[in-house]
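Have a look at the structure below before the remarks.
Reckoned from all heavy atoms, side chains included, excluding hydrogens, waters and symmetry mates.
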Amino acid sequence: MRTGTSFARDWQLIKVARALQRHDVTRPLVRELLVDAPPALAEQVAAISGRLGEEDGRTLLTRSEEGFDPPTLMEGLLLMWGIPCEAKRAVGGGTVIILGDMAAVREAFVDERVAAPYLAGYARALQRDAVFKHAAGGRMTIRFPPRGE
């Protein structure tokens with residue numbers, strides 16, 4: 001305990017710190033911006049999100065061991081972020097990762113218009129020829145072709 005402060009004050013601060021959750025003004029801000037966003041703003045947000053996804057994917061690659069394959073890295077990230085996914089062998093080889101829980105995607109990314117380009121950029125950074133698809137019903141898939149294809 002610091003000198004010049006009271007135990008009661010310090011105890012109150014500790015209790016407040018434990019009771020409050022991390023303050024995040026970004027989530028409600030982005031949500032409000034995208035509610036009635038004009039197409040130009042939505043496109044700009046998507047472009048920034050995709051660029052950030054690629055940067056984060058490249059950062060992960062520099063920190064991971066050589067033996068990790070891109071689909072395993074992507075699946076691990078999605079699960080770590082709380083996004084349930086299913087990895088399957090793709091017809092013709094490679095792996096397809098299916099994200100079916102859009103509520104979990106929105107929880108992790110605020111909005112699908114942020115999530116889709118971010119995840120597409122991330123996947124491309126992990127493997128250049130990865131293909132991201134966002135179906136009209138909300139379902140997202142990432143196809144990682146066999147390496148060297």
| message | Test side chain to side chain contact (heavy atoms under 4.5 Å, CB included) on T141 and L99; report intermediate values, then the result. | response | CA-CA 6 Å; T141 59; L99 295 77; over 6 Å; no
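- One finds the CG atom of L126 at 11.0 Å from the CZ atom of R58 (value rounded to the nearest 0.5 Å).
- Counting only distance, with no hydrogens or angles, the side chain of S49 and the backbone of V45 share no donor-acceptor pair below 3.5 Å.
- Minimum heavy-atom separation, G94 to P146: N-CG, 3.5 Å.
- Of the possible polar contacts, none joining the R106 side chain to the E112 backbone as a donor-acceptor pair under 3.5 Å is found.
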| request: List the steps and the verdict of side chain to side chain contact (heavy atoms under 4.5 Å, CB included) for E75 and E86. | output: CA-CA 8 Å; E75 182 182 16; E86 182 181 4; over 6 Å; no
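- Minimum heavy-atom separation, P71 to Q127: CD-OE1, 4.5 Å.
- Under the 4.5 Å side-chain heavy-atom criterion for ILVMFWY residues, a single connected hydrophobic cluster contains both F68 and M80.
- When the side chains of ILVMFWY residues are joined at heavy-atom separations under 4.5 Å, either directly or via intervening members, V96 and L78 end up in two distinct hydrophobic clusters.
- Note: F109 and Y118 have tilted aromatic rings, judged against thresholds of 30 and 60 degrees for the angle between ring planes.
- Put simply, CZ on F132 and CG on L119 are 5.5 Å apart, with the number rounded to the nearest 0.5 Å.
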| request: Verify side chain to side chain contact (heavy atoms under 4.5 Å, CB included) between D111 and V30, making sure each step is shown before the conclusion. | output: CA-CA 8 Å; D111 190 286; V30 171; 5.6 Å; no
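- For the atom pair CG (L33) and CZ (R31), the distance works out to 11.5 Å, reported to the nearest 0.5 Å.
- Looking at heavy atoms from C-beta onward, K133 lies out of side-chain contact with R143 at the 4.5 angstrom threshold.
- Closest non-hydrogen pair, A104 versus I83, comes out as O-CG1, 3.9 Å.
- Put simply, the residue from I142, L79, I98 that forms a side chain to side chain contact (heavy atoms under 4.5 Å, CB included) with C85 is L79.
- Between M140 and A115, the closest heavy-atom pair is CE-CB, 4.3 Å.
- With a 4.5 Å cut-off on side-chain heavy atoms, T95 and K88 do not count as touching.
- Between the side chain of R27 and the backbone N or O of E107, at least one donor-acceptor pair lies under 3.5 Å.
- A salt bridge does not link R124 with E55: none of the charged nitrogens is closer than 4.0 Å to a carboxylate oxygen.
- Rounding to the nearest 0.5 Å gives a distance of 12.0 Å between CD of E54 and OH of Y122.
- Distance check, rounded to the nearest 0.5 Å: CG of D56 to CG of L60 gives 9.0 Å.
- Side-chain contact, T72 with D69: a donor N or O sits under 3.5 Å from an acceptor N or O.
- By the criterion of side-chain heavy atoms lying less than 4.5 angstrom apart, applied directly or through intervening Ile, Leu, Val, Met, Phe, Trp or Tyr residues, L73 is not grouped with V131; the two fall into different hydrophobic clusters.
- Note on V25 and V110: separate hydrophobic clusters, where clusters join Ile, Leu, Val, Met, Phe, Trp and Tyr whose side-chain heavy atoms are under 4.5 Å apart, directly or indirectly.
- Within a 6.0 Å sphere centred on CZ of R139, other residues, nucleotides and ligands contribute 12 heavy atoms or fewer.
- A130 and P145 make their closest contact through CA-CD, 4.2 Å (heavy atoms, listed as atom of the first residue, atom of the second, distance).
- If you check the side chains of Q12 and D10, you find no donor sitting under 3.5 Å from an acceptor.
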